S.K.: 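Let me give you the structure first, and then I'll get to my questions.
Since we're looking at a predicted model, the values are computed, not measured.
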Protein chains: 2
Amino acid sequence: MYAALDEKEDFLMTETYMTIREMCDAYDVTPRTLRFYEAKELLFPERRGTKRLFTRRDRARLKLILRGKRFGFSLEDIRQLLDLYDPDQQNLPQMQRAFELGKERLVDLEARRAELEAIITDLKANLDWGAKLLADAQKTAAE
Amino acid sequence: MYAALDEKEDFLMTETYMTIREMCDAYDVTPRTLRFYEAKELLFPERRGTKRLFTRRDRARLKLILRGKRFGFSLEDIRQLLDLYDPDQQNLPQMQRAFELGKERLVDLEARRAELEAIITDLKANLDWGAKLLADAQKTAAE
DNA sequence: ATGCAGACTTACGTTTACGTCAACGTAACG
DNA sequence: CGTTACGTTGACGTAAACGTAAGTCTGCAT
């Protein structure tokens, strides 16, 4: 289960559970953020008494959340997507919705990839152009 | 000038100036958004009396703004980058800052490209897996 | 001349994604 | 047994990116 949520460095992670502080240090987020994500039902840490215990599943989800954010997805967008990476096999209709949604996302992401490629090419060209302009300016100033 | 800001379809754009409504229709934004971008010094429409007239330069900048937003950049990030795409040759220090900033962005974008590649691969794998799960579920239900 | 569609300014409202106290619980340490 | 460190729940605050409503102006068609 959660095959896609696994990561290579997980073999280092001997602890099954992590406290909120360990999570913060490991993923560079604040406690507030983790509690906020829990409130928004993006994470589901267990409890020992009143304290949160973050599982492997939570860690995997958090990685995906942070990833999504870097690409401009809203938390609500991400919440939808998480259902795909972490399906509830008891709920067929939900799985199918997640599946359809995932296919749409794939199209979207591939379009983004193309656009990103264009942006990079573009930026490179502008950097070359800028370098030339700056070089000219240097020479002019030297006279 | 503004070589990188040109686009292929521009030859269709006979009008040098566009009204705010034309802009809204063309780029699917609201008037509020355009005025907001002007207030934030991302766009610099000219004025006929009190009314805004958006130039080719504004249109090129707007495209870049919308692009940047799709990739999760803040408007402030974007404002900085626009200086690179639209340099002020009277201002050497600003050009150099823009140049340095642009180089950093390039590194950033190339990292994003790699991550995006990983995300796509990942999502595809999950979709295949999901397809399998759904197929199994269908069969089970058929018995 | 007038009315009305659009554009303009000003200003307050809204949503997202947290930040920042305040007040309290609890567990370990000396 | 006190205090120090870390964790918890509200509750209010904030920055970014606009939305929205109110009131004004303005060009032009009737």
S.K.: Output every pair passing salt bridge (charged side-chain N to carboxylate O under 4.0 Å, His left out) with a member in residues 39-50 of chain A, not counting sequence neighbours, ordered by first then second residue.
M.R.: A:E38-A:R47
S.K.: Counting only side-chain N and O atoms of A:Y37, is one of them less than 4.0 Å from OP1 or OP2 of C:dC18?
M.R.: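 The answer is yes; a side-chain N or O of A:Y37 sits under 4.0 Å from OP1 or OP2.
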S.K.: Please report the distance, rounded to the nearest Å, between NZ in B:K51 and P in D:dT24.
M.R.: 18 Å
S.K.: Got a sec, which residues hit side chain to side chain donor-acceptor pair (under 3.5 Å) with B:T121, two or more places apart in sequence or on another chain?
M.R.: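 Counting only residues at least two positions away or on another chain, B:T121 forms no side chain to side chain donor-acceptor pair (under 3.5 Å).
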S.K.: Residues two or more places apart in sequence or in another chain: which of them pass side chain to side chain donor-acceptor pair (under 3.5 Å) with B:T33?
M.R.: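 With neighbours one apart ignored, the set is B:T30.
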S.K.: Using a heavy-atom cut-off of under 4.0 Å over every strand shown, decide if B:K40 touches base, sugar-phosphate, or nothing.
M.R.: nothing
S.K.: Between A:R79 and A:E76, is the closest basic N to carboxylate O distance under 4.0 Å?
M.R.: yes
S.K.: Nearest whole angstrom, please: distance from the P of D:dA16 to the CD1 of B:I65.
M.R.: 16 Å
S.K.: Could you go over nucleotides 9-12 of chain D and give all protein N or O partners under 3.5 Å, atom names and distances?
M.R.:
unit_1, atom_1, unit_2, atom_2, d
D:dT9, OP1, A:R47, NH1, 3.1
D:dT9, OP1, A:R47, NH2, 3.3
D:dT9, OP2, A:R52, NH1, 2.8
D:dT9, OP2, A:R52, NH2, 2.6

S.K.: Look at the side-chain N and O atoms of B:T30 and state whether any lies under 4.0 Å from the OP1 or OP2 oxygen of D:dC18.
M.R.: no
S.K.: Output yes when A:D128 and A:K124 qualify as a salt bridge under the 4.0 Å nitrogen-oxygen rule, no when they do not.
M.R.: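 Looking at A:D128 and A:K124, the cut-off is not met.
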S.K.: Return the value, rounded to whole Å, for the distance between atom CZ of B:R21 and atom C1' of C:dA5.
M.R.: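 Rounded to the whole Å, the gap is 11 Å.
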S.K.: Check the distance between C:dG6's C1' and B:M23's CE and give it to me in whole angstrom.
M.R.: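 Answer to the nearest Å: 17 Å.
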S.K.: Reckon B:T19 has a side-chain N or O less than 4.0 Å from the OP1 or OP2 of C:dG6?
M.R.: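 So the side-chain polar atoms of B:T19 never come under 4.0 Å of the phosphate oxygens OP1 or OP2 of C:dG6.
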S.K.: On DNA chain D, check which nucleotide each of A:L53 and B:S74 is closest to and give me the residue with the more 5' one.
M.R.: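 Final value for this comparison: A:L53.
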S.K.: Once you round it to whole Å, what is the distance between P of C:dT16 and CZ of A:F73?
M.R.: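 From A:F73 CZ to C:dT16 P: 17 Å.
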S.K.: Specify the separation, in whole Å, of atom CG of A:D25 and atom P of D:dG7.
M.R.: 9 Å
S.K.: Atom CG of A:L34 and atom C1' of C:dG19: how far apart are they, to the nearest Å?
M.R.: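 Atom CG in A:L34 sits about 14 Å away from atom C1' in C:dG19.
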S.K.: B:K69 side chain N/O closer than 4.0 Å to the phosphate oxygens (OP1, OP2) of D:dA16?
M.R.: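 So the side chain of B:K69 is outside the cut-off, no N or O lying under 4.0 Å from OP1 or OP2 of D:dA16.
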S.K.: Starting from P on D:dG7, measure out to CZ on A:F36 and report it in whole angstrom.
M.R.: 21 Å
S.K.: side-chain contact (heavy atoms from CB on, under 4.5 Å) with A:D77: which residues, sequence neighbours excluded?
M.R.: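 Applying side-chain contact (heavy atoms from CB on, under 4.5 Å) to A:D77 gives A:F73, A:S74, A:R105.
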S.K.: Identify each donor-acceptor pair in which a side-chain atom of residues 95-104 of chain A lies under 3.5 Å from a protein atom, sequence neighbours left out, and give them as a table.
M.R.:
none

S.K.: Of the nucleotides D:dT8, C:dA17, C:dG19, which has the atom closest to the A:L75 side chain?
M.R.: C:dA17
S.K.: Does the side chain of B:T33 get closer than 4.0 angstrom to OP1 or OP2 of D:dG19 through an N or O atom?
M.R.: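 For D:dG19, OP1 or OP2 has a side-chain N or O of B:T33 closer than 4.0 Å.
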